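Below: the structure, in structure tokens.
In this text, all values refer to a predicted model and were calculated from it rather than measured experimentally. Naming: A, B, ... by sequence-line order, numbering from 1 per chain.
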Number of protein chains: 2
Amino acid sequence: MSDGTLAHPMGRPTLEEVARVAGVSRATVSRVINGSPRVSADVLAVVEKAIAELDYVPNRAARSLVARATMSIALVVPEDAHRFFGDPYFADVVQGISDRLDDSDYVLNLQLTHPSSPSEKTKRYLLGGNVDGALVVSHHSGDHFLASLGRSLPVVFGGRPLGDVANPGDYYIDVDNRAGARRGVEHLVARGRRTIATITGPADMPASVDRELGWRDALTAAGLDAGRVARGDFTEAGGIRATLALVDAHPDLDALFVASDLMASGALLALEERGLRVPDDVAIVGFDDSPYATRGKVGLTTIAQPAQQMGVVMADTLLRLLAGENPPHVTTLDTHLVERDSA
Amino acid sequence: MSDGTLAHPMGRPTLEEVARVAGVSRATVSRVINGSPRVSADVLAVVEKAIAELDYVPNRAARSLVARATMSIALVVPEDAHRFFGDPYFADVVQGISDRLDDSDYVLNLQLTHPSSPSEKTKRYLLGGNVDGALVVSHHSGDHFLASLGRSLPVVFGGRPLGDVANPGDYYIDVDNRAGARRGVEHLVARGRRTIATITGPADMPASVDRELGWRDALTAAGLDAGRVARGDFTEAGGIRATLALVDAHPDLDALFVASDLMASGALLALEERGLRVPDDVAIVGFDDSPYATRGKVGLTTIAQPAQQMGVVMADTLLRLLAGENPPHVTTLDTHLVERDSA
DNA sequence: GTGAAAGCGCTAACAG
DNA sequence: CTGTTAGCGCTTTCAC
């Protein structure tokens, strides 16, 4: 045995030892552990004392075996690690998930997988009864395996799946992107802006589509032209490119609704490059209320989405599912406007 | 039963069923699963066929119970989620860990904990025999619980613990920050720079200390003055502040060695603010080779650290520890210079 | 080479 | 209220 091995000198105490020390049967100890009401006050005290003395912790494996539940849930991230971890939005979502799970007996298994198709190992893991449920967080939604995962396992998705891969029985938590976008554009309109363009995200992401729709809603309602659109890719560089294209094609532009703060941050750079002042010449409203919103010289007015709450609700929904309850299939979270300098 | 419950129609096949289908005993099936050589070729074939037919996957809990191993390891992140996930460096480390673990039978349990002191739940979890080992990734290192965790559980740290909390028996993987910093400054010297200041990270992080030391090494070796130091905090805003202070106090400055790309990115902004050109007036070398290095208008010359490899080696070291081997207590990874425009 | 039997630590009827 | 009795699904001596 190597010196690196750090085995517990006498092994971990078992329920049986607790029972012996407390002078009761194992069943009684089990009842105490599981908070059964069928235990007399004095016996309860004795058992709890024994548990504390021995520093007893129930063995998860043994428990799982008999309970036929693994007490663990998978956090599936079908996304490039850089892309995922680099996004403050996801950071909050994960934090929310973790927070909610902290109040439960479940643990989180991190499954980083390739966006287009999870590895065989991950598939077997997910389908092989190694987790009781799964949480899928990603902007993507084209994957077949994951899309149909909900048929074999309780799954909650973060963000609405795209129309063609969504299954009727799916559970997902979404942000009201359309209403949020609309709210942002309404703010621009209220500020007196009349020539409002938008920079969208990729066309294959529901969030992009919905935000563009919201932009259009507000413009139509205000009787304004909704013809100025540039497609971005949710990156800063993309925001720069799109903004340049937009201002060059439409010199009369007086406002920009940008589908993400990161892209908006690029827009700020591009506008400066062209010598346009924000918000004087061009007002900007972003989306996310990410750290990027306050990173530049001019604070970004933006639509905040409750990323952490998204995580909490995702976890909560899955937990309810696992508890045999009937949570809503779709939960839509509200956004709100955060006013800063850019609009 | 709610409609949300997605139980497998007939339950998951057990080893016993495989045995029945294959017409052998459970012991034999077990041997096949575990790759025992004491199985005849024909029996092996029959059993494998049965396994494939039934799509059998061994039950982890049952296995863990008898093996007295959980086959799972904790990824402890004693860091604010934003701070952690927002750092591309960590993203790579996690990717590396995940990659390495994909080739093993272990799964990763994500444990997000408060930087200063893990929750009771996390402590119990870690100490309660729920994982076979732990990987601790963080810039911080002042926590007592984590620092001593290695005494109760096989643990591998990412980054050298600070002197006063490091235990002799600890295992950790580190980057040769000092040599890397020195290399960066040498590059500046070779480029003809003579008045080279540095922006450091927080004084309580080993990486900061080492990088400052490396900066000093190079300057001393070149016979240059190592008196211009500004303390940063590894944030962009901190980089801006430090740079402003530096250029105002030392107008003769012709180069900056900045302890992180994020801070260097702030330096770029600050220099522009002061009307100083990069690299003409002031050359800059950063550290990390993170996405920030290529985000701005001028590409950042920087010291690349092998973040992903760090993760791989961390996982690998822990795996070896768990296998009863004797991996090195300290592994130091090399850095290399990446030349771009800033120096 | 293969099977029979025992048991890992825990929970869940079933009695009392 | 509490103890007794069976296993959960798997690995592992120990015989054959």
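Remark: A:Ser40 is in phosphate contact with D:dT2, judged by side-chain N or O atoms under 4.0 Å from OP1 or OP2.
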Base-contact (B) and sugar-phosphate-only (S) positions in nucleotides 7-16 of chain D, heavy-atom cut-off under 4.0 Å, - elsewhere: BBBBBB----

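Going from atom CD of A:Glu17 over to atom P of C:dC8 covers 11 Å, rounded to whole Å. Rounded to a whole Å, the CZ atom of B:Arg20 is 15 Å from the P atom of C:dG3. Whole-Å rounding puts the A:Met71 CE to C:dC10 C1' distance at 14 Å.
At least one side-chain heavy atom of B:Leu54 sits under 4.5 Å from a side-chain heavy atom of B:Val21. Side-chain contact between A:Pro327 and A:Leu321: present, with at least one pair of heavy atoms (C-beta onward) separated by less than 4.5 Å. Counting heavy atoms from C-beta outward, A:Ser98 and B:Leu110 have side chains that stay 4.5 Å or more apart. The shortest distance between side-chain heavy atoms of A:Val94 and B:Leu112 falls below 4.5 Å.
Other residues, nucleotides and ligands contribute more than 12 heavy atoms inside 6.0 Å of the CG atom of A:Asp103.
Comparing the start and finish of the helix from C:dG1-D:dC16 to C:dG16-D:dC1, five pairs each, the helix axis swings through 30°, to the nearest 10 degrees.
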task: Test salt bridge (Lys or Arg N to Asp or Glu O under 4.0 Å) on B:Glu53 and B:Lys49 and set out the steps.
output: CA-CA 6 Å; B:Glu53 261 174 21; B:Lys49 181 158 163 291; 3.1 Å; yes

task: Could you walk me through whether B:Arg26 and B:Val29 pass side chain to side chain contact (heavy atoms under 4.5 Å, CB included), step by step?
output: CA-CA 5 Å; B:Arg26 298 185 305 172; B:Val29 177; 5.6 Å; no

message: The test is side chain to side chain donor-acceptor pair (under 3.5 Å); show your working for A:Ser36 and A:Asn34 and say whether it passes.
response: CA-CA 6 Å; A:Ser36 161; A:Asn34 296 292; over 6 Å; no

